[in-house]
Amino acid sequence: MSEITKPSLNFIEEIIEEDLKSGKHQGRVHTRFPPEPNGYLHIGHAKAICINFGLALKYGGKTNLRFDDTNPTTEDTEYVDAIKNDVNWLGFQWEGEALYASDYFSQLYEYAIDLIKKGLAFVDDSSPEEIAEMKKNPSEPGIDSPYKSRSIEENLQLFQDMKAGKYPDGSKVLRVKVDMASPNMHMRDPIIYRIKHETHHRTGDQWCIYPMYDFAHGQSDSIEGITHSLCSLEFIHHRPLYDWLIQKLDIFPSRQIEFARMNVTYMITSKRKLLKLVTEGFVTGWDDPRMPTISGMRRRGYPAEAIRTFCDKAGVAKRDNTIEIELLESCVRDVLNRTADRKMVVLDPIVLTITNYPEGKSEVMFGDANPEDENSGFTEMPFGRQLYIERDDFMEDAPKKYFRLTPGGNVRLKNAYIIQCDNCIKDENGEVTEVLATYFPDSKSGEDNSGIKAKGTIHWVSVEHGVPCTVRNYNRLFTVPNPDDFEEEGKSIFDFYNPESLIINENAIMEPALKGAVAGTQLQFLRKGYYVVDADSTEEKMVFNQTVSLKEGW
RNA sequence: UGACCCAUGGUGUAACGGUAGCACUACAGAUUUUGGUUCUGUCUGUUAAGGUUCGAAUCCUUAUGGGUCAACCA
C-alpha cells in the first residue's frame, strides 16, 4: 500500500501480488507443504515449510499439510507423527486436519478413467526396460508403444482389471498420450499408474494400483484448491505435464512455481547419507545435535524462531545457493542473547584458593540473570575461599594480549571480588594443580571502592557448592564446508567426518542453581557459549548440549 | 552432443532503463564486571564480448560457466 517504504519482494511474492491485483482466485492464497512420510524432516524441509506457511501468513491465506503417500513400499505411518511434531515445533499450524494424497485415490482413479474415455490414456504391457528403450534419449525422439493404439473399451477393461488385481506387479501400466517426440522426457507418454500388490499405511490392501507422483501431486493440489504450488527447481521439467493434466482433466488450475532449494555449509540433506550417518554410528541418532534434521537442531537448542529468521534471511530465488552456516549461528545467537539466562559453569576446572579469604566463610553473590533483558531479574551464587576456574583462564607465562590470570596480574571474578594472582602449585609433571591469589575485600561487585581496575573478568564456581555435570560440546560434523563436492574424486562425505565433532567434558562443574533444570532450558554459560539442558540429564548428573559458542575475540 | 533453468563482493540477497544497497563473514577501532552484546569504520562485486539507448546489473545477440531432465521414486 504505502509507496514510501516499498519492501523488496522475492519472485514468488511478486507473482502472488500480481495475482492478488488481477483478482485471480478471488484474491485467495492457498499453499501446501507436501512431505513424503518416508524420513525425518531436515533444514531443507524447514525452508520449504517457512516459505509455504510464511507466504500464507503474509497474505492472509491458508496452508495444508499433505502427506504425499502414493508409494506404499517406502512410506510409513511412523514418520507422520514426527513430521507433524516438527512442523508444529517450527511454529506453524496447518489448515484443518492433516491431509493425504491417499485420501484421493478414488478420485484419482476416476480421473484416470476420464482420461481413458477421452482417448488420452492407454494400458501398456511393455516391460520397464522396453518402455525406457522406446523413450530413447533427450536428443532423439522416442517411438510409440505398440499398445498405444488399443481401443478405449479395451483400455477401460484392462485398467479395471488392473485395479481388480488380475495382473502381477510390473506387468502393466497406465500411460497418458502426450508427445513421444518432446525434448522434455517427462512428456514422452509418462506412466501415471503402476501395479503394486502392497499394503499401504493408510488404505491397507484396498488398492493394488497406485498413481505416480505426476498423477497425484498436481491433482491433489487441484482438489484442495491450492493456488500456488511451490516446489524445488528439479520439478521444473514436470510443469508442462502438471499443466497438461490439469487442462485435459478440466479441473481447478493450481499453478506450480519452482524455487532453488537451500544448501547449507557443513550440512547434508541426502536421505541416504543421513541414514548412513545414523546406522554407521557417526552420530547417536536422527536427533543427534550434530544432525541437520529438525529434531537434531531442536535437541541442539536452536530456537525455532532462529530457524525461521534464518530461512527468511537466506531469501528465495532460482539460482543454486549454499548458505554459510555462520548465518544460521548468527540467528541463533541473536535470539539466545535476548532470551537465555546467564549461568556459571566451569568446563575444565582447576582450583583457585584465595589465601586471604577466611576459611569456612561463605557469601552469596548476585548478578543479572540476563543483562540484555531487564525483566529477567537476577541470580545468586555462593562464593567461598576455594573456587573452580577454567584451566585456561590461568597462564604462568602469558603473552601481552592475555588479560586473565597470570602471576602478579589482576582479574575480576564475575559478580564478586577482584583478585590478584600470586602463585601456583604444580605437580611432579609440572602441571598446574592449584592457583593461589589474594582478594581485595573492598572490590566487591556493586560496592567497589577499591579503585583497582581489572584487566579481565572470569567466571567461577564455589568448590564447596559446585556440582559435577556433563557438558557436550559440538564442532562441525565435517572437516570441509561442502563434503559432497568431492564425490568426483572418489571421496565420500564420510572421508570428511570430523572426529572432533563431539567433545565431552565429563568433569565440568556447574553452579548449584542449575540443579533440576528442565530439559530444553536454554542457557548461556558465561564466557563460553549457549547450552541447552539435554533429556539425558538425571537426578545425579545434569547433561548439557552446546548450542553454539560465543563469538570469540583475540 | 537435445531441451530447460541460472549467472551481482568470500556467502546470500536487493536495485524492475537513471547514485550498485542490505545481511552474514573477515579486519580495525570505541564501549563493556562475559575477549559476549552494542556502536563506528574498512576491504572485496554486476562472467565476457558485441548491440540498442542520452544513460544498461537491468533490454537484445553470441560466447563462457554452473545446474537440471532419459525411476513402474517423490
Side-chain angles (χ1 to χ4, degrees), chain A residues 7-10 14 34-36 38 68-71 73-75 101 124 126-128 131-132 135-142 169-175 182-188 190-196 209-210 212-214 216-217 231-240 258 260 262 265 271 310 313-331 333-334 337-338 342 344 367-368 371-372 401-404 411-416 418 443 445-446 448 453-459 481 524-530 549-554:
Chain A
S8 70
L9 304 174
N10 65 48
E14 281 179 0
E36 186 186 9
N38 72 346
D68 227 334
D69 57 349
T70 57
N71 185 355
T73 64
T74 57
E75 293 149 5
D124 196 334
S126 309
S127 69
I131 290 177
K135 277 191 184 175
K136 302 285 184 178
N137 58 65
S139 48
E140 193 182 351
D169 289 7
S171 59
K172 284 180 169 48
V173 290
L174 185 69
R175 300 174 69 181
S182 172
N184 181 344
M185 296 299 288
H186 295 281
M187 298 298 267
R188 319 251 264 226
I191 295 166
I192 61 168
Y193 261 99
R194 77 286 216 186
I195 301 171
K196 273 177 186 277
I209 55 171
Y210 293 93
M212 298 287 289
Y213 166 84
D214 284 307
H217 199 95
C231 62
S232 53
L233 242 35
E234 67 217 83
F235 289 97
I236 198 161
H237 303 290
H238 294 250
R239 192 173 64 213
E258 312 85 13
M262 176 180 70
T265 55
K271 224 168 262 181
F310 168 65
K313 287 186 177 189
V316 182
K318 294 181 78 165
R319 69 179 106 149
D320 296 332
N321 62 86
T322 303
I323 316 287
E324 291 173 330
I325 199 169
E326 285 81 1
L327 179 61
L328 209 204
E329 294 180 337
S330 161
C331 294
R333 289 192 186 101
D334 190 54
N337 181 47
R338 334 185 292 261
R342 317 277 117 140
M344 294 211 258
D368 289 329
E372 303 299 319
K401 295 257 283 180
Y402 184 87
F403 42 94
R404 286 171 267 173
V411 84
R412 158 79 65 182
L413 292 172
K414 177 72 180 174
N415 296 150
I418 292 175
S443 66
S445 196
D448 184 352
K453 56 176 195 216
K455 288 188 280 188
T457 303
I458 64 171
H459 60 105
Q524 183 193 108
F525 289 177
L526 225 53
R527 302 209 305 131
K528 283 293 162 189
Y530 295 98
S549 70
L550 252 26
K551 285 188 73 176
E552 289 165 50
W554 93 296

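Letters A, B, ... are given to chains in the order of the sequence lines, protein chains preceding strands, and every chain is numbered from 1.
Side-chain contact between P240(A) and H186(A) is absent, with no heavy-atom pair separated by less than 4.5 Å. Two residues are said to be in side-chain contact when any heavy atoms from C-beta on lie closer than 4.5 Å; I323(A) and F310(A) meet this criterion. At least one side-chain heavy atom of D448(A) sits less than 4.5 Å from a side-chain heavy atom of R412(A).
Put simply, the side chain of T70(A) never gets that close to the backbone of M212(A): no donor and acceptor are under 3.5 Å apart. The main-chain N or O of A260(A) is never found under 3.5 Å from a side-chain atom of S232(A) such that the two would form a donor-acceptor pair. No side-chain donor-acceptor contact under 3.5 Å links N71(A) to the backbone of D69(A).
When heavy atoms are screened at a 4.0 angstrom cut-off, E326(A) is found touching the sugar-phosphate backbone but no base atom. Among the protein residues, R333(A) comes within range of no part of the nucleic acid, since none of its heavy atoms lies under 4.0 Å from any strand. Among the protein residues, Y210(A) comes within range of no part of the nucleic acid, since none of its heavy atoms lies under 4.0 Å from any strand. Using a 4.0 Å heavy-atom criterion, one finds that Y402(A) contacts the bases of the nucleic acid, with or without backbone contacts as well. Using a 4.0 Å heavy-atom criterion, one finds that T265(A) contacts no nucleic acid atom at all. Residue-level contact check: L233(A) touches neither bases nor backbone, having no heavy atom under 4.0 Å from any strand. Nucleic acid contact class of R188(A) (heavy atoms, under 4.0 Å, all strands): none. G142(A) comes within contact range of no nucleotide atom at all, as no heavy-atom separation falls under 4.0 Å.
For the pair N321(A) CG and G12(B) C1', the computed distance is 7 Å after rounding to whole Å. In this structure, K313(A) atom NZ and A14(B) atom P are separated by 15 Å, rounded to whole Å. Taking atom CG of residue L327(A) and atom P of nucleotide G10(B), one finds them 18 Å apart after rounding to whole Å. E372(A) places its CD atom 11 Å from the C1' atom of U32(B), with the value rounded to the nearest Å. What separates CE of M262(A) from P of C6(B) is a distance of 21 Å, to the nearest Å. Between the P atom of U33(B) and the CG atom of L550(A) lies a distance of 17 Å, rounded to the nearest Å. Atom CG in D320(A) sits about 18 Å away from atom P in C4(B), given to the nearest Å. A straight line from CD of E552(A) to P of U25(B) spans 14 Å, rounded to a whole angstrom.
Side chain E140(A) to base G2(B): no donor-acceptor pair is found below 3.5 Å. In the interface, the side chain of R527(A) is not paired with the base of G35(B) through any donor and acceptor atom under 3.5 Å apart. A donor N or O paired with an acceptor N or O is found under 3.5 Å between the base of U34(B) and the side-chain atoms of Q524(A). Taking 3.5 Å as the limit, the base of U32(B) and the side chain of R412(A) contain no donor-acceptor pair of atoms between them. The base of U33(B) is paired with the side chain of S445(A) by a donor and an acceptor separated by under 3.5 Å.
Each of R404(A) and I323(A) has a nearest nucleotide on RNA chain B; the 5'-most of these lies closest to I323(A). Nucleotides of RNA chain B nearest to R319(A) and S443(A) differ in position, and the one nearer the 5' end is that of R319(A).
A gap of 24 Å separates the C1' atoms of C60(B) and G2(B), to the nearest Å. Nucleotides U8(B) and A57(B), compared at atom C1', are 7 Å apart to the nearest Å. The separation of C39(B) from C24(B), taken at their P atoms, amounts to 10 Å, rounded to a whole angstrom. When the P atom is compared between U58(B) and A70(B), the two are found 34 Å apart, to the nearest whole Å. A49(B) and C5(B) are spaced 25 Å apart, taking the P atom of each and rounding to whole Å. Separation of the P atoms belonging to C4(B) and A14(B) is 24 Å when rounded to the nearest angstrom. With P as the reference atom, U25(B) and U38(B) are 10 Å apart, rounded to whole Å. C54(B) and G12(B): their P atoms are spaced 37 Å apart (whole Å).
A48(B) is paired with U62(B) under the criterion used here, namely a Watson-Crick or G-U wobble arrangement in which both key atom distances are under 3.5 Å. Base pairing annotation: G18(B) forms a Watson-Crick or G-U wobble pair with C54(B), both donor-acceptor distances under 3.5 Å. Under the Watson-Crick or G-U wobble criterion, with both distances below 3.5 Å, C4(B) is paired with G67(B). Across the strands present, U34(B) finds no partner; the criterion is a Watson-Crick or G-U wobble pair with both atom distances under 3.5 angstrom. Remark: A26(B) base-pairs with U42(B). Criterion, Watson-Crick or G-U wobble with two distances under 3.5 Å.
The aromatic rings of Y213(A) and H238(A) sit perpendicular to each other, their planes meeting at more than 60°, with 30° as the lower class boundary.
Of all nucleotides listed (G36(B), G35(B), G12(B)), G36(B) comes nearest to the side chain of R342(A).
By the 4.0 Å N-to-carboxylate-O rule, D169(A) lies too far from K196(A) to be salt-bridged with it.
Donor-acceptor pairing under 3.5 Å is recorded for the side chains of H217(A) and D68(A). Of the N and O atoms on the side chains of S182(A) and N184(A), not one donor lies less than 3.5 Å from an acceptor on the other residue.
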> Which nucleotides of nucleotides 69-74 of chain B have their base under 4.0 Å from a protein heavy atom (B), which only their sugar-phosphate (S), and which neither (-), written as one string 5' to 3'?
Replying inline: SB-BSB

